[in-house]
Amino acid sequence: MRLCLFDENRLGLVEDETVRDVTAVLDQLPSRRYPFPQGDAFIAALPSLRGAITTAGRSAPMKRLSEVHLLSPVANPSKVMGAPVNYQKHLDEVTSDPNLHHQNKDHIQAIHQSGFFLKANSSIAGPSQSVVIRHPDRRTDEEVELAVVIGRRAQAVPAAEALKYVAGYCIGLDISIRGPEERSLRKSVDTYTVLGPYLVTADELADPSHLDLEISVNGQLRQKANTHELILGIPELIEFASSFYTLLPGDVLLSGTPDGVGPIRPGDVMRASIARIGEMTMHVRAR
Ligand code: MN
């Protein structure tokens, strides 16, 4: 199942190049009172809503996917976790380029040593919302990554069980200002976490370990890799993350970017794709 949020927070069931408006299904979410539980209520309820979504989709109004305004497919994650250096060639690239490490390069470590960073939830945007450059005087790079959306509460999950906790996958862009500050600051500007084009539920993508991913900027290929090159694969990332954080429905795990990162500027057009998920186009603009 492929699910998107579009236009004015409509829920869409994506089939080929069309979107069925199944927003009425959201009326079945449990009514809640303040303080609301953390996590994404729709992702938490998704297993029980799938039948209703399928039924509603049969008679729902239809639009072309290319004609809707795509938002992030996850509205309210409790956190966005990032894997800093999780492809060996990107580790090599970062340690060899002073513009990328900005510190003693001996401090640049593979994910085993460095663990995760968090991105502010306010940085999340959908593909139809442009990346808005906040500090044009600073180098700002694209990073394309497989994004994992957690489906249910997870604590200390072993890798062998980890994929059972995944709701689905989407493309993630971890837009990053280069420089000496903490990652959680440099990567948390509004619109610097792009998620899209829609959520592909885990039943459609049983094995995330062999997916081609790539991104081009203005038609020039920048990054191209396959998730089999990840230093820590998706199950190991979930095991690692859930040994520190409690993962909640809707939480997003950005699995790391391959080599080839480079600067983006207002006016640029990025096109990202991941095999078996889809592709999305994002514009970069000035503030
Ligand atoms: Mn990244």
Side-chain angles (χ1 to χ4, degrees), residues 72 74 77 79-97 99-103 105 107-125 127 131 133-134 138-150 169-196 208 211-217 222-227 229-234 236-238 240-241 245 251-264 270 272-274 277 280 282 284:
S72 164
V74 188
K79 53 190 165 295
V80 178
M81 298 158 279
V85 183
N86 199 19
Y87 285 89
Q88 183 62 44
K89 284 190 208 162
H90 181 54
L91 176 62
D92 299 342
E93 165 181 75
V94 169
T95 46
S96 64
D97 183 350
N99 288 317
L100 292 177
H101 58 72
H102 281 276
Q103 297 160 10
K105 71 179 178 187
H107 293 172
I108 302 300
Q109 297 169 315
I111 184 164
H112 306 83
Q113 288 85 40
S114 61
F116 297 89
F117 59 88
L118 294 177
K119 301 191 74 169
N121 293 353
S122 50
S123 68
I124 295 173
V131 170
I133 299 296
R134 182 73 177 232
R138 303 279 303 269
R139 175 169 164 176
T140 303
D141 288 1
E142 97 293 341
E143 295 189 354
V144 65
E145 316 199 1
L146 174 64
V148 182
V149 178
I150 298 297
Y169 303 90
C170 61
I171 304 172
L173 295 191
D174 176 19
I175 306 296
S176 306
I177 297 173
R178 300 303 174 193
E181 303 96 335
E182 296 284 350
R183 288 184 175 99
S184 61
L185 182 72
R186 293 186 283 108
K187 293 167 171 275
S188 286
V189 175
D190 289 1
T191 72
Y192 281 20
T193 303
V194 184
L195 299 173
L211 303 176
D212 286 322
L213 70 165
E214 65 176 62
I215 187 167
S216 63
V217 179
R222 282 267 177 98
Q223 301 182 267
K224 183 177 175 62
N226 185 289
T227 55
E229 299 168 69
L230 284 166
I231 294 171
L232 289 185
I234 303 306
E236 292 75 24
L237 287 173
I238 292 170
F240 192 171
Y245 311 121
D251 282 2
V252 176
L253 206 168
L254 296 170
S255 55
T257 199
D259 61 305
V261 297
I264 53 171
M270 301 181 285
S273 65
I274 300 184
I277 294 178
M280 62 183 192
M282 286 78 42
V284 183

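We count ligands from 1, going down the list as the structure has it; atoms in each ligand are counted the same way.
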(message) My understanding is that only one of Ile277, Leu230, Ile171 makes a side chain to side chain contact (heavy atoms under 4.5 Å, CB included) with Leu146; could you say which?
(response) Ile277
(request) Have a look around the Mn ion (ligand 1) and list protein N/O/S atoms under 2.8 Å, or say none. (result) Glu143 OE1, Glu145 OE2, Asp174 OD2
(request) For Arg138, check side chain to side chain donor-acceptor pair (under 3.5 Å) against everything at least two apart and list the hits. (result) Glu181
(request) Just jot down the ring pair (Phe, Tyr, Trp, His ring centres under 6.0 Å) partners of Phe116, sequence neighbours excluded, or say none. (result) Phe240
(request) Give a yes or no on this: more than 12 heavy atoms of other residues, nucleotides or ligands lie within 6.0 Å of atom CD of Gln113. (result) yes
(message) So, using salt bridge (charged side-chain N to carboxylate O under 4.0 Å, His left out) as the criterion, who are the partners of Arg178 when residues are at least two apart?
(response) Asp141, Glu143
(message) Can a donor-acceptor pair be found, under 3.5 Å and without considering hydrogens, that links the side chain of Thr257 to the backbone of Val144?
(response) yes
